[in-house]
Visitor: 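One structure, as structure tokens, below. Some questions next.
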Amino acid sequence: SFFPQKNGISNGTLYKKTFIEHFEQAPMYVAVFTFVGFAVGTIFGYLRDFMRAWGLEKRNIAAEREQQKDFVPLYQDFENFYTRNLYLRIRDNWNRPICSVPGPQFDLMERVTDDYNWTFRFTGRTIRNVINMGSYNYLGFAETDVNALKTVTIELKKYGTGVCSTRQEMGTLDKHVELEKLVAKFLGVEDAMVFGMGFATNSMNIPALVGKGCLILSDELNHTSLVLGARLSGATIRIFKHNNMQSLEKLLRDAIIHGQPRTHRAWRKIIILVEGIYSMEGSIVRLPEIVSLKNKYKAYLYLDEAHSIGAVGATGRGVVEYFGMSPDDVDVLMGTFTKSFGAAGGYIAGKKGLVDFLRTHSHSAVYATSMCPAVAEQIIRAMKCLMGLDGTTQGLQRVRQLEKNTRYFRRKLHEMGFIIYGNDDSPVVPLLLYMPGKIGAFARRMLEKNIGVVVVGFPATPITESRARFCVSAAHTREMLDTVSTADVLGDVEKSSFPLESSGERGYLSVPKPLVLSW
Amino acid sequence: MAAGVGQQWVLVEMVQAFYEAPAYHLILEGILILWIIRLLFSKTYKLQERSDLTLKEKEELIEEWQPEPLVPPVPKDHPALNYNIVSGPPTHIITVNGKECINFASFNFLGLLNNENVKSAAQASLKKYGVGTCGPRGFYGTFDVHLELEERLAKFMRTEEAIIYSYGFATIASAIPAYSKRGDIVFVDEAACFAIQKGLQASRSNIKLFKHNDMADLERLLKEQETEDQKNPRKARVTRRFIVVEGLYMNTGDICPLPELIKLKYKYKVRIFLEESLSFGVLGEHGRGITEHFGINIDDIDLISANMENSLASIGGFCCGRSFIIDHQRLSGQGYCFSASLPPLLAAAAIEALNIMEDNPDIFQTLRAKCERIHKALQGISGLKVVGESFSPALHLQLEESCGSRENDVKLLKRVVDYCMNSGIALTQARYLEKEEKCLPPPSIRVVVTVEQTEQELDKAASLLKEAAQSVLN
């Protein structure tokens, strides 16, 4: 951002290897142009709204029924201002439909608009072999190889697709039990429980673990599912600055010393919610410091490894392995199977007492359908591959390849002088674009070069930090990564952008040295 | 020189004034000056004055604080801890805990769980797309299968648009907070299912519960709201109102009186959200749900939400309605925007299931006939009463008389269920989270009717339940 370094100084002696994270700042003129860009968009938005209201321009928006025109309006005009006037202009860059497996390359359905993005029409053609830099396919398990999917095909034939019941009623199949045992073995914990949807794992289990009278300390940039779960639980929520240990420690001390607000009664329990890798920043959680803080202040730690399980760590066991720590250090290990395992669903793992409690008290176990058995089989086969239980070293190879690809890609982009956020080891690579005009331009031009990227703007990111986010996969070849990093589009972005000079001579704000923590 | 004299002269004037001033004036000025000096040197006053603890005291507090354990210990014989484990697919003949039984517990109403066409459609999709979609709908997680399923659902239900979610629970739980925000008012039936309750909790709106299926009670609440509105018309103009009801209630097995609700909708200007998880693929001549059952124009319902986990024997859920309403969820439905999309093989299975539903409209009549049959056969069991409409495929059997505590009731019903399981009929108790439900239904046994059950099997189940009730309850 345009303000001083986000992450505070921290205790470097807990880290066994160098922990390098970058959050460069851009020069002042970029900030100015970004705001100007949004201002221009807003002014035009007001102009067009005015013209639409007075009938000077056609209204393409769907309207309320005639019979219900005197009902209280469902949407406030202002709420949708951003959607109508800013998002709509570039919305052809999202929701792009594909028609093949989301591997390292995919086929896009060609989509054109005749009325400036109000409606889309499919031409019937497919754009083939677009390089996929947007799907969360870290270990490359999204594949259609017949041998790889052999067991999945068998189980699909045997079990069908549905389960039609909840876990506590008639929905626990032997496949679920097998999967849970395997997940527990994979992570090195006592027991695990699996759920049908990753988002729902958070939103339905956090309320079971904490309630009124408890305190949740949640990172600033936590995912919506964590925020929703925290809100639904009824506990008090306090936010600490992203990955900032001083902020967290201050909150912990204040909470224990002063107790609950106004009554000053002691908190029943304090739980810290963090993620392994933050998907919008590419930063990795400072796990050793958080664990030492949690042990000192007797808090509990809930780690959401949605993006980091399988993607970091020497054998793909996640951030716990990455930092060389033991899974017993984390109280609740949560993760999803969507990203690195090419399936769907989530899990929570930890001590047996915790998992037994969730089996009896989780909302999902009582009211939600269990996971499809064919999907469970995909996770089983991917996990067996990772653990080497299928007799090959393919799993380890994938993890190594991902590591190599990540380092190569990040180094390449860094050398070319782009502002990349995040940790050097994280396969999520956000490339900052800042200006609103670039969001649309970048994505469209990349598509012309047959590269599919994901761009994100407000409200998923702060308004001045729009970015393109690359997800490196183990299935990407070096040629693909070269094609992406040397695409001419990036060159244009670079020209009007922010070359990283080695000395500290920069515009208004000096570039702080990258945050290096080493022992 | 002149300035100096001028200055001296001013000074002299001042000293003179000082001597000539009255005493009270001087005293007042003196006090004011002293007050200013005091204020300047006193400590700043904080409104929320925290008690000043020394560092030592703070460290002591931190040492002494003991949190509760993360989770309370669960006793080994907790009724919900020992799940029934099903070996193999939960089809018509199900192997529960090693014993083969006839399945009366899975919501496989149309028997599509084991359908070969559905399975081969899923296989074809698996070959083409793999298993997972590796991304949310906005970031290359939209597959042509999803678009096709949405189109087919919209066409089947005869609405403009449909939107699919990857999890049945998340469907209604994301749909409600997308429209109803803090300050809006939602009138909801007491017997609404847990997913609706969580959706309402996430929306932070004002919730008004009305007695189950009691239109008079609802009208009373609506009238009260009307008088409130007249007191504050400006606020009333921006407060949205919704009624949330289910087509076929999961907890009680009966249907909502939709025609009366429509009348109330237009009279009091309230929008209706209809949850059709159990009635989709069950009610109506072609399985379109309760709107077809009552012959109501589907545009009169603002939003219909259903999950695909019952009749369609897949996973996930959908909402359908007019584009004006559904399109909003594509940017503000949390379970849609922030979660990975439905695996394509499940979407393909759902499309094939829809095909079967469209090609065989007589299965709905068959299902209804079977429901009537078992409903009649279960009447007159001593000790157990049947709760649910005669055409509802998901019935409840509750104890006629409770034996005092819920725990004992549950134990008694468990013995009935075990008796039936040992004799080859798989049943289950309806499970609830006792502390979390707003209006906890009484303990019951769930009886589920599917088209695959033959008449002999239905009769066998009924007679077995009679036997079980005799031996356990008497």
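The chains referred to below are lettered A, B, ... by the order of the sequence lines, with proteins before strands, and numbering in each begins at 1.
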Visitor: Between A:Lys157 and B:Glu116, is the salt bridge (charged side-chain N to carboxylate O under 4.0 Å, His left out) condition met? List the steps.
Guide: CA-CA 9 Å; A:Lys157 217 177 260 177; B:Glu116 283 311 317; over 6 Å; no

Visitor: Quick one: what part of B:Pro73 sits under 4.5 Å from any heavy atom of chain A, side chain, backbone, both or neither?
Guide: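 Looking at B:Pro73, nothing touches chain A.
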
Visitor: So what's closer than 4.5 Å to chain B heavy atoms on A:Leu108: side chain, backbone, both or neither?
Guide: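 For A:Leu108, the contact with chain B is made by the side chain alone.
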
Visitor: Using ring centroids (six-membered ring only for Trp), state whether A:Tyr75 and B:Phe324 fall under 6.0 Å.
Guide: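 Yes; A:Tyr75 has its ring centre under 6.0 Å from that of B:Phe324.
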
Visitor: Please flag which part of B:Phe169 lies under 4.5 Å from any non-hydrogen atom of chain A: side chain, backbone, both or neither.
Guide: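 For B:Phe169, the side chain is the part near chain A, not the backbone.
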
Visitor: Given that the side chain runs from C-beta out, which part of A:Val177 has a heavy atom under 4.5 Å from chain B: side chain, backbone, both or neither?
Guide: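 Contact with chain B: side chain only.
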
Visitor: Please classify the contact between B:Asn307 and chain A as side chain, backbone, both or neither, with a heavy-atom cut-off of under 4.5 Å.
Guide: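 Neither part.
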
Visitor: Mind ranking A:Asp145, A:Val210, A:Thr338, A:Asp174 by heavy-atom pairs under 4.5 Å with chain B and telling me who comes out on top?
Guide: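 Heavy-atom pair counts peak at A:Asp174.
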
Visitor: Report yes or no: does B:Gln334 contribute a side-chain atom to a donor-acceptor pair with the main-chain N or O of A:Ser225 at less than 3.5 Å?
Guide: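 Absent.
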
Visitor: With heavy-atom distances below 4.5 Å as the criterion, would you say the side chains of A:Val332 and B:Leu70 are in contact?
Guide: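 Answer yes - side chains close enough.
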
Visitor: What part of A:Ser370 gets within 4.5 angstrom of chain B, counting heavy atoms only: side chain, backbone, both, or neither?
Guide: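 Looking at A:Ser370, just its backbone touches chain B.
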
Visitor: What part of B:Lys127 is in contact with chain A, defined as an atom under 4.5 angstrom from a non-hydrogen atom: side chain, backbone, both or neither?
Guide: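 Backbone of B:Lys127 only, per the 4.5 Å heavy-atom cut-off to chain A.
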
Visitor: In terms of heavy-atom proximity below 4.5 Å to chain A, should B:Ala122 be classed as side chain, backbone, both, or neither?
Guide: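 Both backbone and side chain.
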
Visitor: Please state whether the side chain, the backbone, both or neither of A:Tyr87 comes within less than 4.5 Å of a heavy atom of chain B.
Guide: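 The side chain, not the backbone.
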
Visitor: Going through the distances and angles, do B:Ile62 and A:Tyr297 end up as a side-chain contact (heavy atoms from CB on, under 4.5 Å)?
Guide: CA-CA 7 Å; B:Ile62 292 176; A:Tyr297 294 101; 3.6 Å; yes

Visitor: For B:Asn310, is it the side chain, the backbone, both, or neither that has a heavy atom closer than 4.5 Å to a heavy atom of chain A?
Guide: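 Contact with chain A is through the backbone of B:Asn310 alone.
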
Visitor: Chain A heavy atoms under 4.5 Å from B:Ala202: which part of the residue, side chain, backbone, both or neither?
Guide: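 Contact with chain A involves both backbone and side-chain atoms of B:Ala202.
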
Visitor: Hey, are the side chains of B:Arg137 and A:Asn95 touching, using non-hydrogen atoms and a 4.5 Å cut-off?
Guide: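 They are in contact (side-chain heavy atoms under 4.5 Å apart), so the answer is yes.
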
Visitor: For the interface with chain B, which of A:Met109, A:His361, A:Arg253, A:Lys339 has the highest count of heavy-atom pairs at distances below 4.5 Å?
Guide: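 Top option by heavy-atom pairs under 4.5 Å: A:Arg253.
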
Visitor: Can you tell me which portion of A:Tyr138 sits under 4.5 Å from chain B's heavy atoms? Options are side chain, backbone, both or neither.
Guide: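 Neither part.
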
Visitor: Between A:Tyr300 and chain B, with a heavy-atom cut-off of 4.5 Å, which part of the residue counts as in contact: side chain, backbone, both or neither?
Guide: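 Only the side chain of A:Tyr300 comes within 4.5 Å of chain B.
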
Visitor: Hey, which of A:Ile271, A:Leu74, A:Thr224, A:Asn93 has the most heavy atom pairs under 4.5 Å with chain B?
Guide: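 Heavy-atom pair counts peak at A:Leu74.
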
Visitor: For A:Asp70, is it the side chain, the backbone, both, or neither that has a heavy atom closer than 4.5 Å to a heavy atom of chain B?
Guide: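 For A:Asp70, the contact with chain B is made by backbone and side chain together.
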
Visitor: Please assess B:Leu147 against A:Phe122 for the test side-chain contact (heavy atoms from CB on, under 4.5 Å), listing each intermediate value before the final yes or no.
Guide: CA-CA 12 Å; B:Leu147 298 175; A:Phe122 293 108; 3.7 Å; yes

Visitor: Need one label for B:Val96: side chain, backbone, both or neither, based on atoms under 4.5 Å from any heavy atom in chain A.
Guide: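 Looking at B:Val96, just its side chain touches chain A.
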
Visitor: Rounded at 0.5 Å granularity, tell me how far CZ in A:Arg91 sits from CZ in B:Arg330.
Guide: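 Result: 9.5 Å between the selected atoms.
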
Visitor: Please check this pair: side chain of B:Glu68 against backbone of A:Lys269, looking for a donor-acceptor N/O pair closer than 3.5 Å.
Guide: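 No; judged by distance alone, with no hydrogens or angles, the pair does not exist.
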
Visitor: Do A:Arg359 and B:Tyr83 get their side chains close enough for a donor-acceptor pair, meaning under 3.5 Å?
Guide: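 There is no such pair (donor and acceptor under 3.5 Å, judged by atom type) between the side chains of A:Arg359 and B:Tyr83.
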
Visitor: Contact part of B:Lys265 toward chain A, heavy-atom cut-off under 4.5 Å: side chain, backbone, both or neither?
Guide: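 For B:Lys265, the contact with chain A is made by backbone and side chain together.
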
Visitor: So which part of B:Glu437 gets closer than 4.5 Å to some heavy atom of chain A, the side chain, the backbone, both or neither?
Guide: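 Interface part for B:Glu437: side chain.
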
Visitor: Does the side chain of B:Pro72 reach to within under 4.5 Å of the side chain of A:Phe357, using non-hydrogen atoms?
Guide: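 Yes, close enough: below the 4.5 Å cut-off.
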
Visitor: Which region of B:Ala353, side chain (C-beta onward) or backbone (N, CA, C, O), has a non-hydrogen atom less than 4.5 Å from a non-hydrogen atom of chain A, or is it both or neither?
Guide: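 Neither the backbone nor the side chain of B:Ala353 comes within 4.5 Å of chain A.
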
Visitor: Is the shortest heavy-atom distance from the side chain of A:Val72 to the side chain of B:Arg237 under 4.5 Å?
Guide: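 Contact flag for A:Val72/B:Arg237 side chains = no.
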
Visitor: Indicate yes or no: at least one non-hydrogen side-chain atom of A:Pro97 is less than 4.5 angstrom from one of B:Asp144.
Guide: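 SC-SC contact between A:Pro97 and B:Asp144 ruled out.
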
Visitor: Side-chain contact, heavy-atom cut-off 4.5 Å: A:Thr153 with B:Gln123?
Guide: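 Touching, per the 4.5 Å side-chain cut-off.
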
Visitor: What do you reckon, are the aromatic ring centroids of A:Phe199 and B:Phe338 less than 6.0 Å apart?
Guide: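 Ring centres of B:Phe338 and A:Phe199 not closer than 6.0 Å.
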
Visitor: Does any heavy atom of chain A fall under 4.5 Å from the side chain of B:Thr239, the backbone, both, or neither of them?
Guide: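 Answer is backbone: N, CA, C or O of B:Thr239 sit under 4.5 Å from chain A.
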
Visitor: With a 4.5 angstrom heavy-atom cut-off, is it the side chain or the backbone of A:Thr166 that approaches chain B, or both, or neither?
Guide: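 Neither part, no heavy atoms under 4.5 Å.
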
Visitor: Side chain from CB out, backbone as N, CA, C, O: work out which of these in A:His223 comes under 4.5 Å of a heavy atom of chain B, or both, or neither.
Guide: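 Contact with chain B is through the side chain of A:His223 alone.
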
Visitor: Any luck finding a side-chain donor-acceptor pair between B:Glu309 and A:Thr369 under 3.5 Å?
Guide: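 Checked: B:Glu309/A:Thr369 side chains pair up, N/O donor to acceptor below 3.5 Å.
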
Visitor: Is it the case that the side chains of A:Gln168 and B:Tyr432 hold a donor-acceptor pair, with the cut-off being a distance below 3.5 Å and no angle test?
Guide: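 No, A:Gln168 and B:Tyr432 have no side-chain donor paired with an acceptor closer than 3.5 Å.
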
Visitor: Given a strict heavy-atom distance threshold of 4.5 Å, which part of B:Glu436 is in contact with chain A: side chain, backbone, both, or neither?
Guide: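 Only the side chain of B:Glu436 comes within 4.5 Å of chain A.
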
Visitor: Output the option from A:Glu155, A:Arg96, A:Glu169 having the highest count of non-hydrogen pairs under 4.5 Å with chain B.
Guide: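 Looking at each of A:Glu155, A:Arg96, A:Glu169 in turn, A:Glu169 comes out on top.
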
Visitor: Are any non-hydrogen side-chain atoms of A:Cys164 and B:Leu113 less than 4.5 angstrom apart?
Guide: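 Sidechains of B:Leu113 and A:Cys164: in contact.
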
Visitor: Side chain, backbone, both or neither: which part of B:Val86 has an atom under 4.5 Å from a heavy atom of chain A?
Guide: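 Contact with chain A: backbone and side chain both.
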
Visitor: Given that the side chain runs from C-beta out, which part of A:Ile270 has a heavy atom under 4.5 Å from chain B: side chain, backbone, both or neither?
Guide: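 Both backbone and side chain.
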
Visitor: Less than 4.5 Å to any heavy atom of chain B: does that hold for the side chain of A:Gln67, its backbone, both, or neither?
Guide: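 Both parts, heavy atoms under 4.5 Å.
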
Visitor: Would you confirm whether A:Thr360, through its side chain, and B:His78, through its main-chain N or O, come within 3.5 Å as a donor-acceptor pair?
Guide: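 Not a single qualifying donor-acceptor pair exists.
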
Visitor: Using the rule given for side-chain contact (heavy atoms from CB on, under 4.5 Å), can you reason through B:Leu433 versus A:Tyr367, listing the C-alpha separation, both sets of side-chain angles and the distance that settles it, and then say yes or no?
Guide: CA-CA 9 Å; B:Leu433 275 175; A:Tyr367 294 107; 4.0 Å; yes

Visitor: Looking at A:Lys298 and B:Glu63, would you say the former's side chain and the latter's main chain have a donor-acceptor pair under 3.5 Å?
Guide: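 Confirmed, A:Lys298 side chain pairs with B:Glu63 backbone.
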
Visitor: Could B:Asp300 and A:Arg65 be called an ion pair, given the rule that one side-chain N must be under 4.0 Å from one carboxylate O?
Guide: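 A:Arg65 and B:Asp300: salt-bridged.
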
Visitor: Please tell me if the side chains of B:Tyr140 and A:Asn137 come closer than 4.5 Å, counting only heavy atoms from C-beta onward.
Guide: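 A side-chain contact under 4.5 Å is absent here.
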
Visitor: If I measure from the heavy atoms of chain B, does A:Leu228 come under 4.5 Å with its side chain, its backbone, both, or neither?
Guide: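 Looking at A:Leu228, just its side chain touches chain B.
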
Visitor: Please walk me through it: do A:Trp267 and B:Trp65 pass side-chain contact (heavy atoms from CB on, under 4.5 Å)?
Guide: CA-CA 9 Å; A:Trp267 292 105; B:Trp65 179 66; 4.3 Å; yes

Visitor: Search all heavy atoms of B:Phe143 against all heavy atoms of A:Ser100 and return the closest pair with its distance.
Guide: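 Nearest pair, atom of B:Phe143 first, then A:Ser100: CE2-O, 3.5 Å.
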
Visitor: For residues A:Tyr136 and B:Gly135, report the shortest heavy-atom separation together with the two atoms involved.
Guide: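 Closest approach of A:Tyr136 to B:Gly135: CD1-CA, 3.9 Å.
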
Visitor: Examine whether an atom of A:Val146 lies under 4.5 Å from a heavy atom of chain B, and if so say whether it belongs to the side chain, the backbone or both; otherwise answer neither.
Guide: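 For A:Val146, no heavy atom lies under 4.5 Å from chain B.
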
